[in-house]
Protein chains: 2
Amino acid sequence: MIAGTERSPRKPKGRGAERREEILDAAQRLFTERGVMAVTTREIAAAVGISQPALYAHFHSRDEILVDLCERSFRALAERMAALPLGVRDRAGFLEMCRVYIDFGLEQPDAYRVAFMLEAKASEAAQLEARILAAGLDTFEDFRARLAQLVDAGMTRSGDARLLAQSLWSGLHGLVSLLLARREFPWVDIETLVARHLELLADGILATDPVTPRR
Amino acid sequence: MIAGTERSPRKPKGRGAERREEILDAAQRLFTERGVMAVTTREIAAAVGISQPALYAHFHSRDEILVDLCERSFRALAERMAALPLGVRDRAGFLEMCRVYIDFGLEQPDAYRVAFMLEAKASEAAQLEARILAAGLDTFEDFRARLAQLVDAGMTRSGDARLLAQSLWSGLHGLVSLLLARREFPWVDIETLVARHLELLADGILATDPVTPRR
DNA sequence: CGGCTGACTTATCAGTGATAAGTGATCAGT
DNA sequence: ACTGATCACTTATCACTGATAAGTCAGCCG
């Protein structure tokens, strides 16, 4: 498979930390194409143009690549959330925040799967899982803070922003993860389902709010 | 089940189809103890007391064991649902149905994980995934039928039972799967979270219903 | 008896994630 | 300019995985 003749023209594409990013890019692309479980370290290495053991100079294990991608995904979601205006305290703002979450999951299914639907393999899972948890906590905190604004504005049925955030997160995650995991399920029109689901969550979380009437 | 009680020092513990059930039992127990991904076919075989290749006389692949367990899990959930009274058309009945789902997931996390959070490995995934889908469809249909009763009684905000069922299922699955996948997350008190989440879903799905006032 | 069947065995496969040991380019220090 | 250390990389190899092939042996039927 290896043509020895073209050994020399190998050009050091990325040195040091750049190579790490290269590997992560290739891994994410392969995971997207063929599924997280189906991609081997040899394939990832080949995609980058290096040998398989070379991966272990940059990552301690295959799972660590996954965890890094997980953190990446959470960061991407957090950035999308951060792009939202902060002070919105009406139903429309609530729906928009939810929509960002759902869209992120549906548009980047592989990233979402890696972030939320990853099963730790074993062994040193403790340490890696802790990193996943920490990454998720940051994103969740942003989420909670935004809900707290609605709570402070007296717009919610419950006064516990943490409780509300966890419940809402569950509601959003449920839809995204089911849509991703059971793509072949006879779903109703997805746009309709998403819209109605968000209305459901809004109805369940927000108090009746004549200021922002439902259309 | 009707296992040959003759425990001769040698092999014939279970004959024919009984051996298949034995394998499934052992697999489920091991998956529970150490996680689905961490258990090997050799361990399963050892737990049953046969050699590893002997498994392949009963199952075409390791994944097929998983799919069988998946169908089993769906059947267990369906049985729990079937144990509920059929004609209930109030908020309490709605909550009870949801509670059955949540309790099933939390009490049998391994079964739930196998049923809903399984990632197909590759290759002939198509055929196996189809079986998973079919098993899930049956259970979903029961779910939908019960919601349809509430729709017929005019108790719901939307008239589309299928849409409501998919949305509600998402809401329930989201909570269960997150609780299972992120056990170390700083959840609020779980009983409180579950109770409030169900109220949220009820508020979002059921129309205001003076007959069954919220406490 | 002799042959058949089927659940089982041992032996073995290719492929996996991971480790060990060695190669060669780069570069600071003398 | 010569070191010698460092670093990213290589090849060779590990233990182990899921899966297959071929042979073994009990029990049954003619």
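Each chain gets a letter, A, B and so on, in the order its sequence line appears, and its residues count up from 1.
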Testing D:dG18, D:dA8, C:dC8 for proximity to the side chain of A:H58, the answer is D:dA8
Is any NZ, NE, NH1 or NH2 atom of the basic residue among B:R34 and B:E43 found under 4.0 Å from an Asp or Glu carboxylate oxygen of the other? yes
Proximal nucleotide (of C:dC8, D:dC9, C:dT19) relative to the B:R19 side chain: C:dC8
ring-ring contact (aromatic ring centres under 6.0 Å, His included) pairs touching residues 18-49 of chain B, sequence neighbours excluded, are none
Would you mind reading off the distance between B:E22 atom CD and C:dC8 atom P, rounded to a whole angstrom? 9 Å
I need the A:L24 CG to A:H58 NE2 distance, nearest 0.5 Å. 10.5 Å
Ignoring hydrogens, what is the shortest heavy-atom contact between A:R146 and A:D142? Give both atom names and the distance. NE-OD1, 2.9 Å
Can you find a donor-acceptor N/O pair under 3.5 angstrom joining the side chain of A:R42 to the base of C:dG15? no
Looking for any heavy atom pair under 4.0 Å, which part of the strands does B:A57 touch: base, sugar-phosphate only, or nothing? nothing
Nucleotide C:dG17, atom C1' - distance to CD of A:E64 in whole Å: 14 Å
Closest to the side chain of B:I50, out of C:dG17, D:dC9, C:dT9, is C:dT9
For A:L55 and C:dG17, give me the distance from atom CG to atom P, rounded to whole Å. 10 Å
Find which nucleotide of DNA chain D each of A:I23 and B:T41 is nearest to by heavy atoms, and output the residue with the more 5' nucleotide. A:I23
Would you indicate which nucleotide in C:dT9, D:dC9, C:dG17 comes nearest to any side-chain atom of A:R62? C:dG17
From CG of A:D63 over to P of C:dT16, roughly how many Å is that when rounded to an integer? 16 Å
Residue A:P53, side-chain heavy atoms: nucleotide from C:dT9, D:dC9, C:dT19 that is nearest: C:dT19
Grab the CE-P distance between A:M37 and C:dT16 for me, whole Å please. 13 Å
Side-chain atoms of A:S51 come closest, of C:dT19, D:dT10, D:dA19, to D:dT10
Can you find a heavy atom in the side chain of A:F140 that is under 4.5 Å from one in the side chain of A:F74? no
Whole Å only: how far is the CZ atom of A:R34 from the P atom of C:dG15? 14 Å
Whole Å only: how far is the OH atom of B:Y56 from the P atom of C:dT10? 17 Å
Taken to the nearest whole Å, CZ/A:R20 to C1'/D:dC9 is 17 Å
